[in-house]
Amino acid sequence: MAIRYELIKTCKQSGARLGKIHTPHGVIETPIFMPVGTQATVKAMTPEELLNMEAQIILSNTYHLYLRPGHQLIKKAGGLHKFMNWHKPILTDSGGFQVFSLGDLRKITEEGVEFRSHLDGSKHFISPEKAVEIQTALGSDIMMAFDECPPYPADKEYVKKSLERTTRWAKRCKEAHTNTENQGLFGIIQGGMFEDLRRQSAEELLELDFPGYAVGGLSVGEPKPIMYEVLDYTAPLMPKDKPRYLMGVGSPDALIEGVIRGIDMFDCVLPTRIGRNGTAMTSRGKVVIKNASHTEAFEPLDPECDCYTCKTYSKAYLRHLFKANEILGLRLMTTHNLHFLIKMMEEVRQAIREDRLLDYRKSFFEKYGYDL
Ligand SMILES: [Zn+2]
């Protein structure tokens, strides 16, 4: 088996899990935040910079890499790890989320999804088998089953039909997945905001015995209390001896709440995207660097942060870079935001180790607030 989860301990105060995921490209300590490198690059960061901030695994995107430069080209280059010079674990999504986000540009059938490229309008077809074929060519350590992620809100009848198709597609993905020694295939639990449907999806997918499971269809526009409620009843349905991955979640408050509910892995473009737009996550909440109040702020972005940006530059300088549209500004802000989340998850792991994650949550939120 390519992927193996090792539960180290459970926090006596919160029930959160401390663990390790063994992959063909090394061991990941969990709970973990995974930076997103959509187009085989975590935007504006070199792999060396990611290693310096102790990123353990990154995510990349099947849909984007299939369209450009093409999975066959990446295979020819020696696989995604070699192509992008990242030799630690990589997780690839199935492309389902992006394809379904295309709206009018796509058509769903039982066989798969026909869609038009957002790049040039060309016609394509992704089936469960194709999603596995692409991810096999990319050579990611963890690949995801091709699923449908229903929008929010969606009516119950539709969500039920959709999750049943997702189960059938998961079976087809499993049959198509042959490189089981080197790549693990995770199943994705759907079911929208309906407890009985989440249960049905989990039961059907657990029968297929994937080496890991994700919760999909959250962070799609629903209020956070609803997401937490869905996690409250979904996480306990997931196997204890396998990794649990909450897709598309990356705000600090939601990471902590997710871990408390038993989640091990998270990914999101949030820290890199808002960083490039000039917003930082800091121990004292959100900082919008272009604000005039930072004009003469000669102190670091976050006095508690030891990233390169905070050790070296002032808020006034960062603000100047953004006002002048200098590319270094994006790099420095991205560095800080990724470092912030990676460091926060390290603190979360330490708090679990010491059975005090609820205390950690309290002190974190007292300083941070809930504004992201
Ligand atoms: Zn920093």
Side-chain angles (χ1 to χ4, degrees), residues 28-29 31-38 41-59 86 88 249-256 258-259 266-351 360-372:
I28 307 157
E29 288 184 61
I32 181 84
F33 174 76
M34 306 183 281
V36 178
T38 304
T41 167
V42 175
K43 287 190 197 304
M45 294 289 103
T46 65
E48 289 74 16
E49 287 167 328
L50 294 169
L51 289 173
N52 282 340
M53 60 178 77
E54 294 176 22
Q56 303 183 53
I57 172 172
I58 61 168
L59 192 130
W86 174 258
K88 286 187 169 249
V249 168
S251 66
D253 49 339
L255 292 185
I256 296 175
V259 170
F266 304 85
D267 81 285
C268 194
V269 294
L270 186 75
T272 41
R273 179 173 289 165
I274 68 172
R276 291 195 307 282
N277 292 328
T279 299
M281 304 167 166
T282 80
S283 60
R284 290 143 199 214
K286 189 161 76 171
V287 171
V288 178
I289 202 65
K290 280 191 198 166
N291 284 353
S293 59
H294 305 310
T295 309
E296 296 189 13
F298 301 116
E299 67 272 8
L301 201 50
D302 186 346
E304 288 182 32
C305 179
D306 61 354
C307 81
Y308 170 69
T309 304
C310 294
K311 278 194 304 197
T312 321
Y313 302 102
S314 64
K315 281 195 274 195
Y317 180 65
L318 293 168
R319 177 172 189 272
H320 158 68
L321 292 177
F322 270 86
K323 294 297 276 187
N325 281 323
E326 281 293 341
I327 198 164
L328 182 61
L330 316 188
R331 290 189 15 81
L332 294 176
M333 210 68 146
T334 302
T335 301
H336 166 80
N337 278 351
L338 286 177
H339 181 98
F340 179 79
L341 283 189
I342 289 169
K343 178 104 185 288
M344 187 191 95
M345 293 306 263
E346 202 179 289
E347 289 170 3
V348 163
R349 291 195 295 272
Q350 190 58 25
Y360 176 83
R361 172 172 68 174
K362 187 163 176 285
S363 61
F364 183 90
F365 285 144
E366 275 167 7
K367 280 195 292 185
Y368 185 84
Y370 289 84
D371 59 350
L372 263 172

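Note that the structure is a prediction, hence the values are computed from the model and not measured. Every number for a ligand or one of its atoms is a count from 1 in the order of the listing.
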Below 6.0 angstrom between ring centroids: does that apply to Phe298 and Tyr317?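 No, the ring of Phe298 stays outside the 6.0 Å limit from the ring of Tyr317, centre to centre.
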Vertex the Zn ion (ligand 1), ends Cys307/SG and His336/ND1: angle to nearest 10° comes to 120°
SG (Cys310) - the Zn ion (ligand 1) - SG (Cys305) angle, nearest 10°: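 Roughly 110°, rounded to 10°.
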How long is the gap from CG on Asn52 to CD on Glu49, to the nearest 0.5 Å? 7.5 Å
Interatomic spacing from OG1 in Thr282 to CZ in Arg284 - rounded to 0.5 Å: 7.5 Å
Which donor-acceptor pairs under 3.5 Å do side chains of residues 338-347 form with protein atoms, sequence neighbours excluded?
| residue | atom | partner | partner atom | Å |
| --- | --- | --- | --- | --- |
| His339 | NE2 | Asp306 | OD1 | 2.8 |
| Glu347 | OE1 | Tyr360 | OH | 2.6 |

Is the Zn ion (ligand 1) less than 2.8 Å from an N/O/S atom of His339, whether that atom is in the backbone or a side chain?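 Given the 2.8 Å cut-off, His339 does not count as a ligand of the Zn ion (ligand 1).
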